[in-house]
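Presented below is the structure to which this report refers.
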Amino acid sequence: MKAVKGLIVVLVVLLVLLFVAKSVIQVEANEDLLPTNVYEENADLLTVVNTSLFDLFVTSVTNEYTVVEEVVNLIILDSIRDNVNSEYDPLGDCDTNECNFIVYDDNYYVNYIWAELSDDNQLIIHVSLGSETFIGVNTIFHFYFDIDIDYVGFGIELTLDTFYLHERELSMGILDTMFSNLDSTKIENQVSIGDLDLEEYSYRISFTGLLFN
């Protein structure tokens with residue numbers, strides 16, 4: 001009987017900890033956060049990327065960081081539709097899991113990934129994900145990247161600076177552990193344009209590479 005009581009106490013404590021953890025990381029994301037202009041683009045997304053990079057490196061637009069934000073959002077959406085889920089269209093009229101979620105599994109889901117420019121010109125990649133098993137929870141990872149625009153080499157490089165789970169900054173060691181349990185090469189290959197390096201946590205787009213590809 002004492003063993004049973006002890007087990008019940010442990011389970012209650014674990015349940016309390018789960019609910020406390022949920023209250024710390026719980027945050028809802030909705031489609032209003034997505035870059036509407038990108039998701040409603042009718043042209044070939046990679047053609048739009050080329051046009052945007054041409055404007056950045058050739059016509060020398062003044063809003064260069066905004067161009068980087070748009071280009072990355074275009075590449076995110078193209079990569080999802082081309083390599084992960086061709087039916088993904090959260091702003092459309094379709095109401096299936098394939099349309100509304102990037103990945104939907106019995107144990108977890110990923111519903112949104114988008115880029116946003118911060119006030120100090122860092123690029124934030126937001127990843128909204130969650131689970132509907134046991135206690136439903138949705139949270140968002142925020143990855144802050146430094147932006148380096150190489151006008152001489154016609155390239156853009158993003159380098160990870162910090163990352164957060166909702167409002168809590170996490171160590172790079174946690175990120176290393178996360179990716180050590182995933183197929184990093186497969187993830188890198190799912191990016192339709194540019195070179196993603198999950199060892200250095202960097203991403204580079206070459207405009208000249210696109211021109212002569």
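Just so you know, these numbers come straight off a predicted model, no measurement behind them.
With values rounded to the nearest 0.5 angstrom, Tyr201 atom OH is found 6.0 Å from Phe179 atom CZ. Going from atom CD1 of Ile102 over to atom SG of Cys99 covers 13.0 Å, rounded to the nearest 0.5 Å. To the nearest 0.5 angstrom, Met172 atom CE is 7.0 Å from Phe163 atom CZ. Annotation: the span from Ile193 atom CD1 to Ser79 atom OG amounts to 7.5 Å, rounded to 0.5 Å. Separating the CD atom in Glu157 from the CD1 atom in Ile147 is a distance of 12.0 Å, to the nearest 0.5 Å. Once rounded to the nearest 0.5 Å, the distance linking CG of Leu165 with OG1 of Thr139 reads 4.0 Å.
Scanning both residues, Ser52 and Glu70, for their nearest heavy atoms gives OG-OE1, 3.7 Å. Taking both residues in full, the closest heavy atoms of Ser131 and Tyr109 are given as N-CE2, 3.5 Å, listed atom of the first, atom of the second, then distance. Residues Asn73 and Ala115 share a closest heavy-atom pair of OD1-N, 2.7 Å. Closest non-hydrogen pair, Leu198 versus Glu188, comes out as N-OE2, 2.9 Å. Across all non-hydrogen atoms, the minimal contact from Phe143 to Val127 is CE1-CG2, 4.0 Å. Here the shortest heavy-atom pairing between Ile124 and His126 reads CG2-CE1, 3.4 Å.
Heavy atoms of other residues, nucleotides or ligands lying less than 6.0 angstrom from CD of Glu199 number 12 at most. Counting heavy-atom neighbours within 6.0 Å of Tyr108 OH, excluding the residue itself, gives a total of 12 or less. Within a 6.0 Å radius of CG in Asp120, other residues, nucleotides and ligands contribute more than 12 heavy atoms.
Checked by atom type, the side-chain pair Gln122/Asp161 shows a donor-acceptor distance below 3.5 Å. Between the side chains of Ser202 and Asp197, no donor-acceptor pair is found at a separation under 3.5 Å. There is a side-chain donor-acceptor pair under 3.5 Å between Ser128 and Asn138. For the residue pair Tyr112/Asn100, the side-chain donor-acceptor check at 3.5 Å is not satisfied. Tyr104 and Glu132 share a donor-acceptor pair across their side chains, judged by distance under 3.5 Å alone.
A 4.5 Å side-chain heavy-atom check between Tyr203 and Ile75 finds at least one atom pair inside the cut-off. Between Gln190 and Ile80 the shortest side-chain heavy-atom distance does not fall below 4.5 Å. Side-chain atoms of Val110 and Phe101, non-hydrogen and from C-beta on, never get closer than 4.5 Å to each other. Residues Asn83 and Val191 form no side-chain contact, since every pair of their non-hydrogen atoms from C-beta on lies 4.5 Å or further apart. For the pair Val38/Thr36, no side-chain contact is recorded, criterion being any heavy-atom separation below 4.5 Å from C-beta on. Using a 4.5 Å heavy-atom cutoff, the side chains of Phe207 and Phe54 are in contact. Put simply, the side chain of Ile187 does not reach to within 4.5 Å of the side chain of Asp183, judged on heavy atoms. No side-chain heavy atom of Val67 sits less than 4.5 Å from a side-chain heavy atom of Glu64.
A distance-only check finds no donor-acceptor pair linking the side chain of Asn85 to the backbone of Val103 [under 3.5 Å]. For the pair Ser184 (side chain) and Ser180 (backbone), a donor-acceptor distance under 3.5 Å is absent. Judged by distance alone, with hydrogens and angles left aside, the side-chain atoms of Asp78 form no donor-acceptor pair with the main-chain N or O of Leu45 at under 3.5 Å. Judged by distance alone, with hydrogens and angles left aside, the side-chain atoms of Glu69 form a donor-acceptor pair with the main-chain N or O of Leu117 at under 3.5 Å.
Less than 6.0 angstrom separates the ring centroid of Tyr144 from the ring centroid of Tyr164.
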* To do: For side-chain contact (heavy atoms from CB on, under 4.5 Å), just list the numbers for Ile156 and Asp150, CA-CA rounded to whole Å, side-chain angles, deciding distance to a tenth of an Å, and then say yes or no.
  => CA-CA 6 Å; Ile156 301 167; Asp150 180 6; over 6 Å; no

* Are Phe141 and Ile125 close enough, and set up right, to give a side-chain contact (heavy atoms from CB on, under 4.5 Å), and what steps lead you there? -> CA-CA 8 Å; Phe141 282 96; Ile125 306 294; over 6 Å; no

* To do: Output, in order, the C-alpha distance, side-chain angles, deciding distance and verdict of side-chain contact (heavy atoms from CB on, under 4.5 Å) for Thr159 and Asp148.
  => CA-CA 8 Å; Thr159 305; Asp148 178 25; over 6 Å; no

* **Ser192 vs Asp82, side chain to side chain donor-acceptor pair (under 3.5 Å): CA-CA, chis, key distance, verdict** => CA-CA 7 Å; Ser192 58; Asp82 197 42; 5.8 Å; no

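The salt bridge (Lys or Arg N to Asp or Glu O under 4.0 Å) check on Asp55 picks up nothing, with sequence neighbours excluded. Residues passing the salt bridge (Lys or Arg N to Asp or Glu O under 4.0 Å) test with Asp89 are Arg81, sequence neighbours excluded. Scored by the side chain to side chain contact (heavy atoms under 4.5 Å, CB included) test, Asp44 finds Leu46, Thr47 as partners (sequence neighbours excluded).
Relative orientation of the Tyr88 and Tyr39 rings is perpendicular, given thresholds of 30° and 60° on the angle between their planes.
A side chain to side chain contact (heavy atoms under 4.5 Å, CB included) with Val71 holds for exactly one of Leu53, Leu56, Thr66; it is Leu53.
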